Amino acid sequence: MKKLLLFISIFFVMIITSACSEEKPGILFNKYPITEDTVMGYENVFAAGTRIYYLILMPEKIHSRYAYLQIIKKGSAGRLGYKIYYGKNIRLKNEQIYYYDDYVVINEPGNYVMQIFSRDNPQKVLTMGEFLVK
């Protein structure tokens, strides 16, 4: 009986502690253009007026091939302390179905949030990332 109880408890612990294999979308920020060599150099603090390179990873295919990028400044005098700082419609090319990379220059210091929406469902945020401009 003890062996059976031990086996069941070990099996239960294995199921609970196993990791999920589902890929999730994300945004990587970097000071340098994102290549195979610099993709692991994640940064989220940048100087004002410098280029902020970003890579958006999307494991699920966006069927309309259009996405909307939005940068929101936190703690500003806008509605409820948030201000829409930048917005851009993105057209994904054939080779960019699962990723998109570009850069943005922000001159005002503050805390920012980058959000990505799909044109298929503009109410749902696909992914978001935070960064700081000093």
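It should be emphasised that the depicted structure is a prediction, and the values quoted were computed from it without experimental measurement.
Residues Lys134 and Pro109 share a closest heavy-atom pair of C-CB, 3.9 Å. The shortest heavy-atom contact between Tyr82 and Lys74 is CE2-CG, 3.4 Å. The heavy-atom pair separating Ile34 from Asp101 by the smallest distance is O-OD2, 4.4 Å. Minimum heavy-atom separation, Phe117 to Lys124: CD2-O, 3.6 Å. The shortest non-hydrogen separation linking Ala48 to Val133 is CA-CG1, 3.6 Å. Nearest heavy-atom pair across Met58 and Leu92 is CE-CD1, 4.0 Å.
Using bins of under 30°, 30° to 60° and over 60° for the plane-to-plane angle, the ring pair Phe131/Phe46 lands in the perpendicular bin.
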Between Tyr103 and Tyr54, does a ring pair (Phe, Tyr, Trp, His ring centres under 6.0 Å) hold up when you go through it step by step? CA-CA 6 Å; Tyr103 71 90; Tyr54 57 89; 8.5 Å; no

If you apply the rule side-chain contact (heavy atoms from CB on, under 4.5 Å), what do you find for Tyr85 with Glu108, and how did you get there? CA-CA 10 Å; Tyr85 185 80; Glu108 296 180 26; 3.7 Å; yes

side-chain contact (heavy atoms from CB on, under 4.5 Å) for Ile116 and Val125? Distances and angles first, verdict last. CA-CA 6 Å; Ile116 307 299; Val125 176; over 6 Å; no

Let's go through Asn30 and Tyr42 carefully: what are the C-alpha distance in whole Å and the side-chain angles of both, what is the deciding distance for side-chain contact (heavy atoms from CB on, under 4.5 Å) to 0.1 Å, and is it a yes or a no? CA-CA 5 Å; Asn30 203 336; Tyr42 178 78; over 6 Å; no

Is there a side-chain contact (heavy atoms from CB on, under 4.5 Å) between Ile71 and Lys88? Walk through the geometry before answering. CA-CA 9 Å; Ile71 297 178; Lys88 178 181 181 181; over 6 Å; no

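Atom CZ in Phe29 sits 8.0 Å away from atom CD1 in Ile52 (nearest 0.5 Å). Atom CE of Met128 sits about 12.5 Å away from atom CD1 of Ile56, to the nearest 0.5 Å.
A ring-centre distance under 6.0 Å is not found for Tyr53 and Tyr32.
Using a 4.5 Å cut-off between side-chain heavy atoms of Ile, Leu, Val, Met, Phe, Trp and Tyr, with links allowed through other members, Val104 and Tyr100 fall into the same hydrophobic cluster. Ile27 and Val113 sit in two unconnected hydrophobic clusters of ILVMFWY residues. Membership requires side-chain heavy atoms under 4.5 Å apart, directly or through other members. In the hydrophobic cluster analysis, where Ile, Leu, Val, Met, Phe, Trp and Tyr join through side-chain heavy atoms closer than 4.5 angstrom, Leu28 is grouped together with Tyr99.
Atom CG of Leu132 sits in a crowded spot, with more than 12 heavy atoms from other residues, nucleotides or ligands closer than 6.0 Å.
Counting only heavy atoms from C-beta outward, the side chains of Pro25 and Leu57 never approach each other to under 4.5 Å. With contacts defined as side-chain heavy-atom distances shorter than 4.5 Å, the pair Lys73/Asn111 does not qualify.
Of the candidates Ile72, Leu69, Ile106, Val105, Tyr86 forms a side chain to side chain contact (heavy atoms under 4.5 Å, CB included) with just one, namely Leu69.
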